[in-house]
Student: 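After the structure tokens below, expect a handful of questions from me.
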Amino acid sequence: MQITSPAFQDGQVIPRRYTEDGDNTSPPLSWNNVPEKTREFALIMEDPDAPRPDPWVHWVAYSIPRDLRNLPGRIPHNLLVTLDNARFRQGINSWGEGHVGYRGPSPPPGHGTHRYYFHLYALDRPLSLGEAIEKDALLAAISRVRVLDEAILLGRYEREPSPVAHR
């Protein structure tokens, strides 16, 4: 399985428009070479370079239908997302309760280049999950089913150091 984005190549810089410095909207994603027995997908985007013990979670999406092969950009910040005839759920990101859906890269200024991993999981059966779950709950649910494949897309982003005010 492979996950790609027309907005940036694997390992390259995520364009500013998809970051908190830009429009802070989700990039378009697509995937192919999906295992035949896939029943559902789950997606997690995280930053392992955040200055904290655990990765900073930027996006949690789950119950993505097996027939869906792409997400357009600009996914709304809703718990339940409807695209044409496809529906899926989004969870809580690291900004805390009430912050659902995609939040773009926003590393501390001058902290260097951060890596942003989009993990797409192909699952052998649907997950039974409620609304507004966090990454750990999603991973726990994924551990109870069979992951048929995982695809990873890596993007990078860096903020320049803040200018020093001269007095």
Student: Regarding Glu46 and Trp56, do their side chains bring together a donor and an acceptor under 3.5 Å, going by distance alone?
Tutor: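 Note: Glu46 and Trp56 side chains miss the donor-acceptor criterion.
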Student: Working to the nearest 0.5 Å, report the span between CE of Met45 and CG of Leu29.
Tutor: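 It comes to 9.0 Å.
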Student: If we only count heavy atoms from C-beta on, is the Glu40 to Ser63 side-chain gap below 4.5 Å?
Tutor: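 Touching, per the 4.5 Å side-chain cut-off.
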Student: Can you list everything that forms a side-chain contact (heavy atoms from CB on, under 4.5 Å) with Ile152? Sequence neighbours excluded, please.
Tutor: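 Ile152: side-chain contact (heavy atoms from CB on, under 4.5 Å) contacts with Tyr117, His119, Glu150.
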Student: To the nearest 0.5 Å, what is the distance between CG on Asn32 and CZ on Arg69?
Tutor: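 That separation rounds to 9.0 Å.
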Student: For Arg87, is the CZ atom crowded, meaning more than 12 foreign heavy atoms sit under 6.0 Å from it?
Tutor: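 For Arg87, atom CZ is not crowded (no more than 12 foreign heavy atoms under 6.0 Å).
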Student: Kindly give the heavy-atom pair with the smallest separation between Ile14 and Phe118, and that separation in Å.
Tutor: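 Smallest heavy-atom distance, with atoms named: CD1-CE1, 4.4 Å.
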Student: A side-chain contact here means heavy atoms from C-beta on lying under 4.5 Å apart; do Ser30 and Ser5 qualify?
Tutor: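 With C-beta onward as the side chain, the pair stays apart.
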Student: To the closest 0.5 Å, what do you measure between CG (Leu129) and CG (Leu138)?
Tutor: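 So the CG of Leu129 and the CG of Leu138 are separated by 6.5 Å.
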Student: Let me confirm one number: the CZ-CZ distance from Arg146 to Arg125, rounded to the nearest 0.5 Å.
Tutor: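 If we round to the nearest 0.5 Å, Arg146:CZ and Arg125:CZ are 10.5 Å apart.
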Student: Report the distance from atom CD of Gln2 to atom CG of Asp149, rounding to the nearest 0.5 Å.
Tutor: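 If we round to the nearest 0.5 Å, Gln2:CD and Asp149:CG are 11.0 Å apart.
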Student: Given 3.5 Å as the limit, does a donor-acceptor pair link the side chain of Arg52 with the main chain of Asp54, or not?
Tutor: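 Yes: the side chain of Arg52 pairs with the backbone of Asp54.
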Student: Indicate, with yes or no, if Leu120 and Tyr116 share a hydrophobic cluster defined by side-chain heavy-atom contacts under 4.5 Å among Ile, Leu, Val, Met, Phe, Trp and Tyr.
Tutor: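 Same cluster.
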Student: Mind checking whether Leu71 and Leu79 sit in one hydrophobic cluster, side chains of I, L, V, M, F, W, Y counted as touching below 4.5 Å?
Tutor: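 No, because Leu71 and Leu79 fall into different hydrophobic clusters, even though each may have its own neighbours under 4.5 Å.
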Student: Is there a path of hydrophobic side-chain contacts, each under 4.5 Å between heavy atoms of I, L, V, M, F, W or Y residues, that connects Val81 with Ile64?
Tutor: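 Yes, Val81 and Ile64 fall within the same hydrophobic cluster.
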Student: Check whether any side-chain heavy atom of Met1 sits under 4.5 Å from a side-chain heavy atom of Tyr121, and report yes or no.
Tutor: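 Counting from C-beta outward, Met1 and Tyr121 never come under 4.5 Å.
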Student: State the OG-CG distance between Ser106 and Asp47, to the nearest 0.5 angstrom.
Tutor: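 Reported value, rounded in 0.5 Å steps: 8.0 Å.
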Student: Indicate the atoms forming the closest heavy-atom contact of Leu127 with Ala141, along with that distance.
Tutor: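 Residues Leu127 and Ala141, closest heavy atoms: CD2-O, 3.7 Å.
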Student: What are the two closest heavy atoms between Ala122 and Thr38, and how far apart are they?
Tutor: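 Shortest heavy-atom separation between Ala122 and Thr38 comes out as CB-OG1, 3.5 Å.
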Student: ring-ring contact (aromatic ring centres under 6.0 Å, His included): which pairs involve residues 60-90, sequence neighbours left out?
Tutor: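 Every pair satisfying ring-ring contact (aromatic ring centres under 6.0 Å, His included) with a residue in residues 60-90: there are none.
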Student: Pair Arg16, Tyr157 - check side-chain contact (heavy atoms from CB on, under 4.5 Å), show working.
Tutor: CA-CA 8 Å; Arg16 182 181 176 96; Tyr157 190 70; 4.1 Å; yes
Student: Please determine whether salt bridge (charged side-chain N to carboxylate O under 4.0 Å, His left out) holds for the pair Arg39 and Asp124, giving the CA-CA distance in whole Å, both sets of side-chain angles, and the decisive distance to 0.1 Å.
Tutor: CA-CA 5 Å; Arg39 296 294 170 255; Asp124 74 337; over 6 Å; no
Student: Decide whether Asn93 and His58 meet the rule of one side-chain donor and one side-chain acceptor closer than 3.5 Å.
Tutor: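 There is no such pair between these side chains.
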Student: Check side-chain contact (heavy atoms from CB on, under 4.5 Å) between Thr25 and all other residues, then give those that pass, not counting sequence neighbours.
Tutor: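 In terms of side-chain contact (heavy atoms from CB on, under 4.5 Å), with neighbours along the sequence ignored, Thr25 is linked to Tyr18, Asp23, Arg74.
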Student: Restricting to non-hydrogen atoms, name the atom on Ala42 and the atom on Ile142 that form the minimum distance, rounded to 0.1 Å.
Tutor: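 So the minimum-distance heavy-atom pair works out to CB-CD1, 3.9 Å.
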Student: Would you say that Glu158 contacts Pro107 through its side chain, given a criterion of any heavy-atom pair below 4.5 Å between the two side chains?
Tutor: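 Not touching, per the 4.5 Å side-chain cut-off.
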Student: Ignoring hydrogens, what is the shortest heavy-atom contact between Pro72 and Ser26? Give both atom names and the distance.
Tutor: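 For Pro72 and Ser26, the tightest heavy-atom pair comes out as O-OG, 4.2 Å.
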Student: Please name the residue in the list Asn24, Asp21, Thr19 that meets the side chain to side chain contact (heavy atoms under 4.5 Å, CB included) test with Pro105.
Tutor: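 The side chain to side chain contact (heavy atoms under 4.5 Å, CB included) with Pro105 is passed solely by Thr19 among Asn24, Asp21, Thr19.
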Student: So Thr113 and Asp49, do their side chains get closer than 4.5 Å, heavy atoms only?
Tutor: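 No - every pair of side-chain heavy atoms lies 4.5 Å or more apart.
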Student: Between Glu131 and Arg89, is any pair of side-chain heavy atoms under 4.5 Å apart?
Tutor: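 Yes, at least one pair of side-chain atoms sits under 4.5 Å.
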Student: If you compare all heavy atoms of Asp10 against all heavy atoms of Leu154, which two are closest, and at what distance to 0.1 Å?
Tutor: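 Closest approach of Asp10 to Leu154, heavy atoms only: OD1-N, 2.8 Å.
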Student: So do the side chains of Pro55 and Lys135 get within less than 4.5 Å of each other, counting heavy atoms only?
Tutor: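 SC-SC contact between Pro55 and Lys135 confirmed.
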Student: Any link between Val34 and Leu123 through a network of hydrophobic side chains (Ile, Leu, Val, Met, Phe, Trp, Tyr) touching at under 4.5 Å?
Tutor: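 Different clusters.
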Student: Verify the cluster assignment for Leu68 and Ile3: are they in a single hydrophobic cluster under the rule of side-chain heavy atoms below 4.5 Å apart?
Tutor: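 Yes, one cluster joins them.
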Student: Side chains of Arg103 and Trp59: does their closest heavy-atom pair fall under 4.5 Å?
Tutor: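 No, their side chains stay 4.5 Å or more apart.
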